[in-house]
Amino acid sequence: MITVLAGGTGSVKLVRGLVSQESKVNVVSNVGDNYWLYGLYVCPDIDTIVYGLADLLDQERGWGIKKDTFNFLRQMEVFGEETWFRVGDRDAATHLIRTNMLKNGKNLSDITKWMCEKFAVSANIIPVTDNSIETRIITDKGELHLQEYWVKHRGKDPVEGIQYIGADKARPNPEAVNAIHDADMVILAPGNPLTSIGPMLQIKGIRKELSKIKKKVVAISPLIGDNAISGPAAKYMQAAGIESNAYGLAKMYSDVCSNIIVDTKDRMLVKKIQSLDMKVFETKITMKNKLAEDALANFILKQVHV
Ligand code: FO1
Ligand code: CA
Ligand code: CA
């Protein structure tokens with residue numbers, strides 16, 4: 001049994017590769033990106049994994065449902081609402097039903113389980129906590145919710161820091177703790193280390209459980225050289241005072257993780273990472289197609305012995 005800690009867009013390809021090769025996969029999902037929109041509770045990372053595993057994900061965008069329509073959003077525009085967050089019609093149904101279930105007293109874990117059944121997803125998707133965590137980006141103009149910074153303002157302002165509101169008080173999902181404890185291997189997906197994996201590591205119970213079994217934890221770098229394969233990871237790492245390369249990542253994860261997979265192009269960082277008492281594995285980490293997703297998943301499952 002393997003357990004993956006995952007964000008959304010940067011993580012879904014690897015999660016899909018792993019699920020195609022391993023029968024029992026737990027996905028512990030970030031909730032720091034979650035966002036209230038028009039009274040609807042949107043959970044981008046959970047939904048990206050669910051849609052990705054259900055083969056419904058719009059792969060080009062990396063979020064939302066493929067071939068979705070946007071009539072609901074256009075009507076909200078007519079009503080004078082802001083429409084920078086592009087919720088599709090089918091996607092909106094997901095948020096609406098989830099919000100209703102929350103209002104009827106169900107917790108996010110149970111709702112996510114129900115959602116997996118409805119979308120015929122076999123992996124066990126576990127929100128890292130049922131409490132609220134909000135990732136906030138601090139800029140020179142003030143603090144913004146991650147979605148406002150990245151989607152509304154297109155990530156253009158310089159970043160001064162990152163905060164996880166609620167993380168220190170959040171109770172880890174007991175099922176997530178067990179999934180980490182019982183796994184033969186725990187994988188930190190190549191999601192954004194600060195906004196996808198970071199919020200989960202900020203929850204004390206999760207961090208503690210990982211540190212106990214760190215010999216079994218394998219991180220996949222989302223960076224090649226000084227740059228992220230996609231998204232703003234490098235910018236956020238620099239803002240947090242972390243070197244934006246595989247070494248900086250390894251150092252950031254060194255309390256919770258003893259193994260890291262880096263791209264073959266980062267060979268020159270291997271010795272330096274090993275000095276952190278970490279095992280380093282080299283392979284091609286970009287996943288441009290299904291073949292590459294499966295190849296990386298296969299490498300992790302067959303070549304990395306923990
Ligand atoms: N990302 C965008 O860049 N623009 C959008 O309009 C957008 C809409 C959206 C709707 C539903 C959903 O689940 C995710 C969506 N995302 C969108 C992606 C999401 O905001 C990601 O969490 C962030 O891009 C940060 O990883
Ligand atoms: Ca995300
Ligand atoms: Ca076991």
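As the structure lists them, so they are numbered: ligands from 1, and atoms in each ligand from 1. We use all heavy atoms of the structure for the numbers below, so side chains are in, but hydrogens, waters and symmetry mates are not.
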TODO: Evaluate the ring-ring contact (aromatic ring centres under 6.0 Å, His included) criterion for residues Tyr35 and His145: first the C-alpha distance (whole Å), next the side-chain angles of each, then the deciding distance (0.1 Å), finally the verdict.
DONE: CA-CA 8 Å; Tyr35 189 63; His145 187 289; 4.7 Å; yes
Open item on the list: Would Trp63 count as being in polar contact with ligand 1, using the rule that some N or O on each side must be under 3.5 angstrom apart?
Closed with: yes
TODO: Could you list the atoms of ligand 1 found under 4.0 angstrom from a heavy atom of Val151?
DONE: 1 (N), 2 (C), 3 (O), 4 (N), 5 (C), 6 (O), 20 (O)
Task: Atom pair CD1 (Ile180) and CD1 (Ile213), whose distance is rounded to the nearest 0.5 Å - done: 6.5 Å
Task: Which of the ligand 1 atoms, numbered from 1, are nearer than 4.0 Å to a heavy atom of Arg86 - done: 5 (C), 6 (O), 8 (C), 10 (C)
- [ ] Please identify which atoms of ligand 1 are closer than 4.0 Å to at least one heavy atom of Trp150.
- [x] 23 (C), 24 (O), 25 (C)
Task: Side chain, backbone, both or neither: Gln147 near ligand 1, heavy atoms under 4.0 Å - done: side chain
Open item on the list: As an exercise, identify every atom of ligand 1 less than 4.0 angstrom from a heavy atom of Trp84.
Closed with: 6 (O)
Task: Numbered atoms of ligand 1 (with element) below 4.0 Å of Asp91, judged on heavy atoms - done: 10 (C), 11 (C)
Task: Short N-O contact, Asp110 and Lys113, less than 4.0 angstrom - done: no
Task: Geometric cation-pi criterion, Arg86 with Phe70: 6.0 Å, 45° - done: yes
Task: Pair Arg74 + Glu77: basic N to acidic O under 4.0 Å - done: no
- [ ] Could you tell me whether Asp55 and Lys66 have a side-chain N and a carboxylate O separated by less than 4.0 Å?
- [x] yes
TODO: Compute the minimum heavy-atom distance from Asp33 to ligand 1 and say whether it is under 4.0 Å.
DONE: yes
